[in-house]
Amino acid sequence: DKRGAGRLFSSEMRRFAGLCGFEGPDAEWEKDYEALFTVGGENHGPASAGVSLSLFSQLIDDESDDGCYCTDDELRIILDRLEPDARETLLNAMFILLDRDGDGQLSRADIGFYQGLQSLSPSARNFL
């Protein structure tokens, strides 16, 4: 969302689609972009309004031909391509979340909490 509008417009979604393997011409993309707004047989508003976070989430979780399904691993790869410094941003966010007392250091308890999270199954981690 380069514009900070809270929505992804055709050119932004085209970039995402390209990272997912779309290689068609502009005319084909415009048809596909318009089709995103009727995924699941629902009308998600005019294409000119852009793709909301809610619709984007629905699209990347949709395994049908209507969606743009991506696994978590595929999303990580795409994020890395879009934002090469994303790892540092994620590490900083993780550090802040793990530093439960906010002292700027990870205590043994903080690290133990992290290790406990790592031992959970992926489905249990999603529940948190």
Side-chain angles (χ1 to χ4, degrees):
D1 180 14
K2 294 279 185 184
R3 303 172 201 189
R7 293 182 170 271
L8 299 175
F9 296 93
S10 179
S11 62
E12 295 159 325
M13 285 298 294
R14 171 78 187 256
R15 185 172 180 211
F16 175 76
L19 291 168
C20 292
F22 179 82
E23 296 178 343
D26 290 344
E28 182 181 347
W29 168 248
E30 287 307 319
K31 287 173 66 176
D32 287 352
Y33 178 72
E34 293 278 337
L36 296 176
F37 294 87
T38 57
V39 69
E42 298 176 36
N43 183 348
H44 297 279
S48 61
V51 173
S52 66
L53 176 57
S54 173
L55 177 55
F56 185 74
S57 295
Q58 184 178 345
L59 290 167
I60 62 170
D61 287 337
D62 185 346
E63 295 185 47
S64 76
D65 290 338
D66 295 335
C68 308
Y69 182 76
C70 291
T71 66
D72 289 347
D73 287 338
E74 289 168 333
L75 289 173
R76 285 184 193 98
I77 292 167
I78 290 168
L79 177 61
D80 191 45
R81 289 180 182 161
L82 288 171
E83 186 68 44
D85 297 327
R87 181 176 172 82
E88 184 175 334
T89 302
L90 292 172
L91 287 173
N92 286 332
M94 182 182 235
F95 183 89
I96 290 167
L97 291 171
L98 290 172
D99 181 18
R100 295 178 292 168
D101 61 6
D103 67 354
Q105 297 181 15
L106 296 182
S107 67
R108 280 198 167 125
D110 295 333
I111 292 170
F113 176 73
Y114 172 74
Q115 289 172 329
L117 290 175
Q118 290 301 302
S119 67
L120 295 174
S121 69
S123 60
R125 279 186 237 148
N126 288 338
F127 182 72
L128 296 175

Polar contact flag, side-chain donor to acceptor under 3.5 angstrom, Asp73-Thr71: no
List the residues meeting salt bridge (Lys or Arg N to Asp or Glu O under 4.0 Å) with [X], not counting sequence neighbours, and say none if there are none.
X: Arg81; value: none
X: Asp103; value: none
X: Asp65; value: none

Is a donor on one side and an acceptor on the other found under 3.5 Å between the side chain of [X] and the backbone of [Y]?
X: Arg100; Y: Ala109; answer: yes
X: Tyr33; Y: Arg14; answer: no
X: Asp110; Y: Asp99; answer: no
X: Trp29; Y: Ser10; answer: yes

Chi angles and distances behind the side chain to side chain contact (heavy atoms under 4.5 Å, CB included) call for Arg7, Leu55: CA-CA 10 Å; Arg7 293 182 170 271; Leu55 177 55; over 6 Å; no
Applying a strict under-4.5 Å side-chain criterion to I, L, V, M, F, W and Y, I'd like to know whether [X] and [Y] cluster together.
X: Leu8; Y: Leu53; answer: no
X: Phe113; Y: Leu97; answer: no
X: Leu79; Y: Ile77; answer: no

Greater than 12 external heavy atoms within 6.0 Å of Phe95's CZ: yes
Is any side-chain heavy atom of [X] less than 4.5 Å from a side-chain heavy atom of [Y]?
X: Ile60; Y: Phe16; answer: yes
X: Glu12; Y: Val51; answer: no
X: Leu82; Y: Arg15; answer: yes

How long is the span from the [atom1] atom in [X] to the [atom2] atom in [Y], to the nearest 0.5 Å?
X: Ser54; Y: His44; atom1: OG; atom2: NE2; result: 8.0 Å
X: Lys31; Y: Leu36; atom1: NZ; atom2: CG; result: 13.5 Å
X: Leu59; Y: Ser64; atom1: CG; atom2: OG; result: 9.0 Å
X: Glu30; Y: Asp32; atom1: CD; atom2: CG; result: 9.5 Å
X: Glu63; Y: Cys68; atom1: CD; atom2: SG; result: 12.5 Å
X: Leu19; Y: Glu74; atom1: CG; atom2: CD; result: 11.5 Å

